[in-house]
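Numbering of residues begins at 1 and proceeds along the displayed sequence. Remember, it's 1-based here, ligands and their atoms both numbered in the order they're listed. Side chains are part of it too, since the values below use all heavy atoms of this structure and drop only hydrogens, waters and symmetry mates.
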Amino acid sequence: MNLRIFNSLTKTIEEFKPLNPANVTFYGCGPTVYDHVHIGNLRSFVLYDLLKRVLEFNNFQVQFIENLTDVDDKIIKRSAEMGISPSELSEKFSKVFFDDISKLNILPANNYPKATEHVSEMIKFIEVLLGKGLAYQEADGSVYFDVSKFANYGKLSGVDKSQIKSGTRILSDEYSKDDVQDFALWKMVKGSEVGWDSPWGKGRPGWHIECSVMSQQFLGDTIDIHAGGVDLLFPHHENEIAQSEGVSGKSFVRYWVHGEHLLVDGAKMSKSLGNFYTLVDIENKGIDPLALRYLFLTAHYRDKLNFTWESLTAAQNALNNLRETIRNWDQPVVGCAEHEQRFTEALDNDLNTAQALAILWELVKSDYPTSAKAGSLLKMDQVLGLGLAEFVAKKIDVPENVMELVSQREEARKNSDYHKSDQLRKQIKDLGFEVLDTLDGSKVNKIN
Ligand code: AMP
Ligand code: ZN
């Protein structure tokens with residue numbers, strides 16, 4: 001079976017056939033770097049990474065571009081509050097973002113272009129839209145896209161075109177989910193506000209234009225895949241289509257991929273609702289960021305996932321059990337073809353990660369020689385990205401005195417003497433080992 005993926009444009013699962021298998025072009029909408037990203041954003045970034053890995057597993061070569069929004073209303077407001085420049089703020093949080101994604105084993109994109117570094121191309125792009133009569137300038141100098149002039153407006157989101165309020169405009173970067181309105185391509189700024197010179201005076205780009213321009217610049221007029229969270233489908237992606245197809249006259253994206261949200265108590269995790277956690281919160285609770293990746297993989301990307309600390313702890317336990325089991329395995333050799341086959345089929349079936357994980361566990365529990373299981377597991381982990389190579393066949397020699405302290409600690413725990421058990425944990429740590437409490441009892445790791 002070949003790779004099949006749900007295309008939000010056609011609303012069907014389609015076989016993935018790139019324009020050029022040796023250069024699959026893939027663009028993902030990246031973060032606005034004004035603060036730590038939350039773990040909802042990270043769910044979308046793990047989806048991009050998963051899709052890229054699955055494509056590579058299918059022997060495609062992928063060129064993946066993810067933008068950094070380093071100028072918008074939020075960045076300007078936050079940097080003013082902090083008394084620093086927008087670029088200082090975005091530099092700081094770009095670093096935090098790169099740190100976060102590397103902790104989640106997200107492979108680096110080919111490029112992370114920044115909006116502020118492509119303003120002159122955006123100006124040229126807007127000039128073309130004006131020249132084609134698809135955009136107009138307002139009295140205050142700002143330039144807007146005229147949605148009524150783009151015949152295919154609504155083809156992705158299915159918005160009712162009769163609702164189009166041409167001539168009613170949206171200037172803010174915070175967009176209404178209901179109204180179909182002309183949107184800002186170029187926003188005039190006054191006085192000392194951040195801005196660039198343009199044929200229309202000093203201003204800055206609207207949010208949507210950066211993705212159209214950077215996608216075209218790095219990947220060409222027509223790209224294979226464009227991904228984002230479902231909240232971006234309308235108006236962001238609809239507007240990107242209008243801008244890009246308006247300029248090139250060609251189809252912009254062949255496969256649109258949208259990931260569902262991470263929820264908290266049934267509501268979308270978001271900065272504006274204040275119901276969000278960051279990777280710092282996860283690490284402060286002693287949880288490995290890769291347990292979060294594991295948790296994301298337990299759900300299908302098109303299903304909502306409700307975040308709870310219980311489910312994250314369960315994911316951590318599952319990962320701990322997996323790591324401890326595979327430590328005792330023999331060195332990897334050629335694996336179990338049958339499990340590998342079913343695993344690949346699950347992922348090729350619109351990225352069914354939950355099923356892929358179930359097949360991995362079936363393999364782990366099977367009677368195959370551990371060396372063959374290790375071979376298959378490492379292949380599977382090329383796609384899952386759980387960092388298992390570090391643990392396979394890495395049996396630890398635990399000295400007798402440490403083992404003795406571990407059994408004393410188990411005894412103390414049985415007697416609910418948590419004070420003593422904590423003391424013993426500390427003694428064990430001082431000897432260079434850590435104890436993990438798993439469902440199968442205490443496990444010992446060497447501290448690196
Ligand atoms: P933003 O920085 O808000 O533009 O978001 C960056 C990415 O995270 C986009 O692809 C959003 O669709 C996605 N995103 C935002 N909130 C969530 C959420 N709660 N769950 C999953 N993805 C999200
Ligand atoms: Zn975008």
Side-chain angles (χ1 to χ4, degrees), residues 8 26-51 64-75 78 89-90 93-94 96-97 100-101 104 106 109 112-115 118 122 156-157 173-175 177 183 185 205-219 223 225-244 252-253 256-279 292-293 295-296 299-307:
S8 317
F26 178 8
Y27 184 96
C29 290
T32 307
V33 278
Y34 74 111
D35 200 346
H36 289 259
V37 294
H38 58 65
I39 58 173
N41 300 128
L42 290 171
R43 183 179 187 203
S44 288
F45 304 142
V46 168
L47 166 64
Y48 305 167
D49 183 56
L50 175 78
L51 178 53
F64 176 57
I65 301 292
E66 182 172 336
N67 66 304
L68 299 181
T69 301
D70 62 345
V71 60
D72 83 335
D73 295 349
K74 284 184 282 204
I75 291 184
R78 179 68 59 87
L89 181 75
S90 62
F93 286 107
S94 299
V96 172
F97 165 71
D100 281 357
I101 60 172
L104 285 169
I106 290 177
Y112 292 96
K114 296 175 185 160
H118 297 276
M122 296 186 210
L156 175 66
S157 60
D173 289 331
E174 303 286 336
Y175 292 92
K177 296 283 166 212
F183 56 91
L185 297 165
W207 168 44
H208 310 297
I209 195 75
E210 68 178 89
C211 289
S212 282
V213 170
M214 297 197 281
S215 165
Q216 184 198 47
Q217 216 187 323
F218 285 85
L219 302 171
I223 66 171
I225 304 173
H226 191 122
V230 281
D231 55 314
L232 298 188
L233 199 145
F234 182 82
H236 184 52
H237 290 158
E238 195 68 63
N239 292 351
E240 281 187 36
I241 294 176
Q243 296 165 151
S244 296
F252 173 39
V253 172
W256 282 97
V257 175
H258 289 99
E260 253 300 349
H261 283 147
L262 188 67
L263 309 182
V264 182
D265 297 330
K268 176 192 168 193
M269 181 176 289
S270 72
K271 288 269 161 72
S272 53
L273 291 175
N275 61 350
F276 65 92
Y277 301 109
T278 66
L279 217 50
L292 182 66
R293 185 172 176 115
L295 176 65
F296 291 157
H300 190 258
Y301 76 95
R302 286 195 289 120
D303 287 336
K304 294 180 175 69
L305 173 62
N306 197 39
F307 175 80

Angle at the Zn ion (ligand 2) (to 10°), with one arm to NE2 of His236 and the other to SG of Cys29
120°
Between Asp100 and His36, is there a side-chain donor-acceptor contact under 3.5 Å, judged purely by atom types and distance?
no
Contact (N/O only, under 3.5 Å) between Arg43 and ligand 1
no
So, does Phe45 sit close enough to ligand 1 that a heavy atom of it is under 4.0 Å from the ligand?
yes
Ligand 1 to Gly228, heavy atom cutoff 4.0 Å, flagged ligand atoms 10 (O)
re atom 13 (C) of ligand 1, the protein heavy-atom contact at minimum distance is Ser44 OG, 3.4 Å
Short N/O/S contact of His208 with the Zn ion (ligand 2) (below 2.8 Å)
no
Taking Asn67 for the side chain and Pro113 for the main chain, is one N or O donor matched with an acceptor at less than 3.5 Å?
no
His237 N/O/S atom closer than 2.8 Å to the Zn ion (ligand 2)
no
Using heavy-atom distances only, which candidate in Lys271, His236, His261 approaches atom 18 (C) of ligand 1 most closely?
His261
Identify the protein heavy atom lying closest to atom 19 (N) of ligand 1, giving its residue, its atom name and the separation to 0.1 Å.
Met269 O, 2.9 Å
Any chance the rings of Phe307 and His38 have centres within less than 6.0 Å?
no
Member of Tyr48, Phe26, Trp256 meeting the ring-ring contact (aromatic ring centres under 6.0 Å, His included) criterion with His226:
Trp256
With respect to atom 6 (C) of ligand 1, which of Leu262, Leu263, Asn41 exhibits the smallest heavy-atom separation?
Asn41
In terms of side-chain heavy atoms, does Ser244 have a donor or acceptor partner in Gln216 at a distance below 3.5 Å?
no
Can you list the atoms of ligand 1 that are under 4.0 Å from a heavy atom of Tyr48?
10 (O)
So does Ser157 get a backbone contact from the side chain of Glu238, meaning a donor-acceptor N/O pair under 3.5 Å?
yes
With atoms numbered from 1 as shown, which atoms in ligand 1 lie under 4.0 angstrom from a non-hydrogen atom of Pro31?
2 (O)
Please verify the inter-ring angle class for His237 with His258; under 30° counts as parallel, over 60° as perpendicular, anything in between as tilted.
tilted
Identify the closest protein heavy atom to atom 23 (C) of ligand 1: which residue and atom is it, and at what distance?
Gly40 O, 3.5 Å
For atom 9 (C) of ligand 1, the protein heavy atom that lies nearest, with its residue and separation
Leu232 CD1, 3.6 Å
For atom CG of Asp265, is the number of surrounding heavy atoms from other residues, nucleotides or ligands below 6.0 Å larger than 12?
no
Check whether the side chains of His118 and Gln217 place a donor and an acceptor atom closer than 3.5 Å, and report yes or no.
yes
Which protein non-hydrogen atom lies closest to atom 11 (C) of ligand 1, naming both residue and atom, and how far is it?
Asp231 OD1, 3.5 Å
Donor-acceptor under 3.5 Å (Asn275 side chain, Lys268 main chain):
yes
Suppose we measure from atom 2 (O) of ligand 1 to each protein heavy atom; which comes out shortest, and what is that distance?
Thr32 N, 3.2 Å
